[in-house]
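Written out below as structure tokens is the structure these notes cover.
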Amino acid sequence: MPREAEPSLNEKQFVLQALQDSVRLDGRELEQYRPLELTFGDQYGVADVTLGKTRVLAKASAELTVPYADRPLDGIFNIATELSPMTSPAFEVNRPTETEVLISRLLEKTVRRSGALDTESLCLVAGQKCWSIRVDVHVLSHDGNLIDAACFAVVAALRHFRKPDTSMEGGVLTVYTPAEREPVPLSWLHSPFCVTWSFFGEEGDIAVLDATWMEEQVRSGSCTVSLNQHGEICQIAKLGGVPVEAVSLLHCTNVALVKAKDMSSKLDRWLAEDAKRRDKGGLLAELSAENDRVPDM
Amino acid sequence: MADRRRINGPPGATMAPVFEDDAGQPEIKNGKGRDRAPNVIRKTFLKTGVTPSASGSAYLEFEGSSKSGVSGLKLSCTVHGPRSLPRSSPFSPHIVLSAHVKYAPFATKQRRGYLRDPSERDLGTHLETALRGAIIADRWPKSGVDIIISIIEGDQDRETSKSQGDETWDMMNVLSGCITVASAALADAGIDCVDTVAGGVAALVQDAGEDSTPRIVVDPIPSDHEKVLGACCVAYLPTRDEVTNLWFKGDLPASDAGLYTQLVENGIQASRNANRVLVECLGEATS
Amino acid sequence: MASSQHVLLSPAELSYLHSSLSLTPPLRPDGRSPTQYRPLSAETGILPGTNGSARICFADGTEAIVGVKAEVEKTKRRWDDDTIFSENNHHQQQQQQQQQQQEGEEENEGRNNNDEEGGSSDWVELTVEIPGYRDDDSGTVFLGQMLSEALLADGGFVKRLRINRRFHWKLFLDILLISPPLSYPLPLLSLTTHLALLATRLPKLKSEGDEDPFFDDDWAAAPYLYARDPATKRVAERPPVTLLVMAVGGNIIFDPSKEELAVADVVLAVSVGDDAQGKGEDRMDVDGSNPGRNLKLLSIRTVDPPSRLTPPGVANAANSAYGHAQVVNTGANQKMPEARQTESEAVEGVWKPPRGGAKAVVMGALVQKVLVRGGVADEVLDALEGVDTS
Amino acid sequence: MPLDTSTYNLALLRVDGRRWNELRRIHAQIRTQAAADGSSYLEMGHTKVMCVVTGPSEPGPRRGVAGAGGGGGGGGAGGQSKEAEVVVNIVIAGFSSVDRKRRGRGDKRTLEMQSTLSNTLAATLHTHLFPHSQINISLHVLSQDGSLLAALINAATLACVDAGIPMTDYVTACTAGSTSTYAANDEGADPLLDLNHQEEQELPGLTVATLGDSDKVVALVCESRVQISRLEGMLAVGVDGCKQVREILDQVIKAQGQKMILEGTVDKGTGLNDMDLD
């Protein structure tokens with residue numbers, strides 16, 4: 001199994017000691033995120049998220065399929081993560097590493113299990129036809145904190161995504177092309193975001209947000225908290241690692257809530273901007289009620 | 001199951017069309033039996049050196065039964081090696097043999113997936129056992145050889161229903177073919193063996209009809225007979241008079257030990273027959 | 001979980017093992033007699049959440065648990081089964097069945113009828129879990145196939161799972177090896193499976209005929225999968241057992257340990273069943289001791305002896321700059337059928353992995369030793385009968 | 001089948017008759033298996049797990065340990081690392097749940113639990129004492145009734161003690177939940193200790209593992225939606241539950257130690273003088 005080159009002892013020491021003095025290599029505060037950027041693709045449902053040098057692309061897609069036999073009233077929703085060797089030599093094609101399994105589980109718990117997407121609305125004909133929504137997450141560049149970036153990308157992609165409109169008439173299901181009817185957004189219930197804390201030192205008393213790759217190499221534990229803008233925890237995962245006082249974990253969740261709300265408002269703004277950009281001269285603009293009144297003027 | 005690497009068929013089952021038999025077929029179904037003598041194996045075609053890129057290769061074909069709709073067995077085998085082991089693997093004083101048996105998706109009535117299922121892995125293990133006895137493994141320390149067999153056409157009667165449980169008996173025929181073809185391919189690859197090993201199948205069968213008593217036949221086609229009571233597949237080295245793999249299945253009373261011995265003897269006989277084909281084929285290839 | 005797992009024994013140790021096992025009588029490392037099994041402790045019914053369960057611990061610490069779970073499943077109709085399920089047909093079927101019962105189970109005219117009585121081998125799903133090995137590892141698959149093969153060999157087992165024409169039980173057998181695989185776990189797993197199946201009970205059927213089945217809630221009323229004789233409380237027919245037997249030198253050794261397997265000439269896994277037919281009432285009354293069984297041979301498989309993968313020893317004579325002397329030597333010896341024996345005798349105390357196969361006669365002798373009346377299979381079944389499975 | 005939480009408000013009793021801060025019966029045994037270096041059997045209510053520890057030992061040839069990595073924690077590949085690698089392998093038996101459900105080796109939930117266990121134990125085991133080696137922990141789930149991860153952690157701790165692997169302290173785990181649903185932000189909601197399967201399905205809950213009798217949290221896993229204000233209460237109850245579990249496990253170990261001394265399996269060492277033997 002190929003491995004990534006570990007940082008040297010000196011590098012590790014340096015990073016750790018700097019953190020003891022609350023100094024990070026890139027000059028950030030301990031609880032400060034790197035600049036978060038989001039670009040939507042030309043198509044609906046493509047979100048390209050950069051967090052410092054970390055870059056994650058998520059693409060949502062929909063296809064008609066048969067629902068699972070044991071859940072005839074639910075649509076299918078899957079998140080597929082792919083960590084390719086392009087990202088880091090430690091990742092191999094078709095062989096999920098531990099990192100990949102953990103990321104995909106976290107995304108699954110954060111987005112899918114928390115019920116962010118209303119899967120019942122994806123069902124078209126009970127037991128026969130439903131939408132299968134699939135989000136593919138591709139990590140393009142890995143500089144730490146993949147989870148937060150990937151989660152943001154997934155949520156952004158899904159909220160941006162439009163699935164073809166359908167109608168049901170007399171037992172005949174019609175799926176309309178984008179030209180016939182404007183695609184419709186998914187029935188979205190809430191937007192959860194992951195906030196990952198990294199703990200350093202033997203006692204785990206230094207807690208840092210948004211660790212870079214280098215910091216991740218020397219951290220002694222981590223905790224990912226997923227929250228939505230309503231102050232609900234969707235998931236907490238501190239999967240082992242250095243023991244941390246319960247009280248400081250509570251503090252971590254509270255700070256995480258602030259960060260999640262921040263991310264939520266950022267995403268809302270970007271989505272609104274994108275919608276405005278697309279509306280310009282779009283099909284929707286032509287057919288809107290205001291246009292109808294133009295001849296009367 | 002979760003085969004994400006390939007584009008799979010649409011969800012929901014599709015069925016291959018089943019055509020109705022011609023009139024008068026039903027009587028043939030039970031009436032038509034085996035048309036060979038009990039100790040004669042089917043006609044076999046064997047050719048080595050069919051895959052130029054492999055170190056050794058062979059192709060084997062068993063003649064189908066005269067009955068319509070019954071395909072024969074078509075196997076192709078490639079041998080890669082001896083070659084050095086990957087660097088991560090531990091030291092081995094012997095050649096590391098790995099056998100890979102895979103049905104083509106279209107080889108049998110039931111479509112086979114791309115991932116190996118338990119029965120294919122099982123065949124692989126049997127084949128490994130059979131070949132490991134034949135290969136002189138200590139001549140190649142630190143090296144490995146891969147034997148890959150694809151079953152292009154499985155030996156199956158399309159008209160018998162799936163639930164008759166014939167598949168298990170078919171596996172014996174397939175295994176015997178695998179052993180023979182792999183042995184030829186190993187010889188083609190120039191890997192030293194103590195002898196050419198060939199597979200043979202013998203079965204205790206009951207024919208249709210009121211008064212038929214169980215009899216032993218070699219190289220059985222399960223659909224030719226009313227019932228197969230037991231069968232064994234033998235991998236046999238003729239010059240050493242040794243058996244490298246024995247697989248028996250069935251239901252024999254322990255009190256009648258003679259039956260078992262007879263069955264194995266017949267299996268060996270079948271294997272000797274197959275070996276003649278094998279030796280002749282190898283002789284042709286070298287001349 | 002291949003039998004060929006790495007055995008960390010030196011050629012000298014292997015040679016010692018081989019020669020001590022070839023003595024008459026053989027000297028086994030743990031002092032057992034050739035036909036003796038490892039002592040074991042067994043219990044059944046350990047998991048209340050299952051239909052049947054068993055746990056066996058061998059004295060060397062290997063331990064296995066088997067749980068059996070049953071689910072009702074709809075019987076698949078086959079494409080050539082064109083009988084439309086109508087009342088008329090139904091009667092016909094019943095008549096046929098009655099008729100058939102009268103005639104005994106010997107004869108069946110129509111294929112349809114035949115299938116009614118039989119079952120499909122898909123009705124049993126058997127999985128083997130060996131810690132540290134993937135479940136698609138060829139060794140694990142081999143073990144699973146071997147155990148299910150024995151169970152399904154005579155087609156009698158699946159008949160027990162039939163509920164009516166439309167429904168059957170689907171039986172899931174989960175076989176777990178708890179301890180690390182210290183020895184080839186086949187005998188252990190087979191014995192544990194045997195006990196678990198004996199302890200398996202299926203809910204009592206309350207519905208009749210071909211209607212959707214419903215069952216008695218009372219677990220105490222649930223009948224055993226393997227019915228007990230009401231008078232003697234004994235099980236009439238028993239599930240199969242698979243025995244591991246090996247030959248080394250001229251000796252036949254049962255239940256070999258990992259070390260013994262490392263020097264085996266040939267290893268066979270032999271599955272035997274206990275035939276209920278012919279076991280008359282008259283033979284049951286002999287003061288509790290078993291008058292001998294009607295054993296039947298269900299399956300035999302050759303297990304790849306790990307001895308072929310052991311490192312060879314180098315004789316002093318050959319231990320020079322060129323080791324080729326030996327290879328040439330073996331080449332010459334191949335002409336002789338007894339090449340292997342002569343080789344190992346040629347240099348006393350130098351281990352040489354076996355080459356080639358085994359004589360059919362030797363294999364026959366192994367099988368015979370298992371099956372002979374009062375032989376090891378009998379003993380094992382007797383011993384298992386002592387386990388309380390109620 | 002929604003859990004009828006209204007009855008809870010009346011009698012303050014849960015579906016199985018416990019009060020909010022009661023643990024289920026914990027039954028544990030160590031040294032259940034002769035062949036292993038360490039072994040344990042643990043029941044938390046109807047959740048039953050077995051654990052077998054082998055090692056620290058030389059890492060064997062790389063077999064295809066379930067999934068890739070097999071939850072290899074400790075750091076780096078076994079061979080060259082300066083610390084022992086903790087390899088955890090969890091087998092969830094098909095018959096363990098009420099409806100038979102087969103989990104393949106690639107099941108992500110199992111892989112995640114493996115990784116959690118591996119990292120949790122690596123935090124307390126003195127892995128630096130065994131460079132270039134491997135500690136194999138294999139767990140079998142025989143019956144599931146909620147709090148699975150907690151039971152696995154407890155069983156693994158016991159087996160590691162039995163194996164005599166030096167460790168800082170017990171890592172004990174239990175679950176905690178809350179009677180409120182995620183949407184209702186009612187202040188009157190009670191926290192609950194040690195959830196069973198039914199409660200786990202219906203109510204928000206978390207698994208918490210602590211080190212010794214400190215308040216230090218080694219692992220914290222919450223997989224359900226819950227108001228952030230509920231967290232503190234749940235965490236406090238959970239940490240308190242862990243301390244209770246620690247007492248129980250400690251008794252099990254001491255009882256076994258006493259038994260071994262009385263049987264003469266081990267000599268009564270100097271360090272054992274202060275242990276009161278009756």
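To find a chain, count down the sequence lines: A is the first, B the second, and so on, and within it residues start at 1. What you see below is based on every heavy atom in this structure, not just the backbone, and it leaves out hydrogens, waters and symmetry mates.
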| query | Any idea which of B:Leu259, B:Val264, B:Asp138, B:Ile135 has the most non-hydrogen atom pairs under 4.5 angstrom with chain C? | reply | B:Asp138
| said: I'd like to know if the side chain of B:Lys249 and the backbone of C:Arg301 have a donor-acceptor N/O pair within less than 3.5 Å. | reply: no
| Relative to chain C, which segment of B:Ile268 carries a heavy atom at a distance below 4.5 Å: side chain, backbone, both, or neither? | side chain
| Quick one: CD on B:Glu242 to CZ on C:Arg355, what's the gap to the nearest 0.5 Å? | 11.5 Å
| note | When rounded to the nearest 0.5 Å, the distance separating CD of C:Gln145 from CG of B:Leu123 is 8.5 Å
| query | Measuring from B:Arg132:CZ to C:Thr302:OG1, what's the distance to the nearest 0.5 Å? | reply | 13.0 Å
| task | Would you please test B:Arg121 and C:Phe142 for side chain to side chain contact (heavy atoms under 4.5 Å, CB included) and show each step? | result | CA-CA 8 Å; B:Arg121 288 176 192 278; C:Phe142 193 69; over 6 Å; no
| said: Going by side chain to side chain donor-acceptor pair (under 3.5 Å), name the residues that satisfy it together with C:Ser10, two or more places apart in sequence or in a different chain. | reply: C:Glu13
| Rounded to the nearest 0.5 Å, how far apart are CD of C:Glu149 and CG of B:Asp122? | 7.0 Å
| note | Turns out that what part of B:Leu246 lies under 4.5 Å from chain C's heavy atoms comes down to both
| Atom NZ of B:Lys102 with >12 non-hydrogen neighbours under 6.0 angstrom | yes
| field | More than 12 heavy atoms from other groups under 6.0 Å of NZ on C:Lys170 | value | yes
| remark: Nearest heavy-atom contact between B:Thr129 and C:Val303 is CG2-C, 4.3 Å
| Max heavy-atom pair count under 4.5 Å with chain C, selected residue of B:Val197, B:Thr244, B:Thr261, B:Val243 | B:Val243
| query | Which one of C:Ile300, C:Leu298, C:Leu268 satisfies the side chain to side chain contact (heavy atoms under 4.5 Å, CB included) criterion with B:Phe248? | reply | C:Ile300
| task | Test C:Pro311 against every option in B:Pro141, B:Pro93, B:Ser92 by the side chain to side chain contact (heavy atoms under 4.5 Å, CB included) rule and name the one that passes. | result | B:Pro93
| side chain to side chain donor-acceptor pair (under 3.5 Å) involving B:Asp251 - partner list, sequence neighbours excluded | none
| query | Which bit of C:Val367 comes within less than 4.5 Å of chain B, counting heavy atoms only: side chain, backbone, both or neither? | reply | side chain
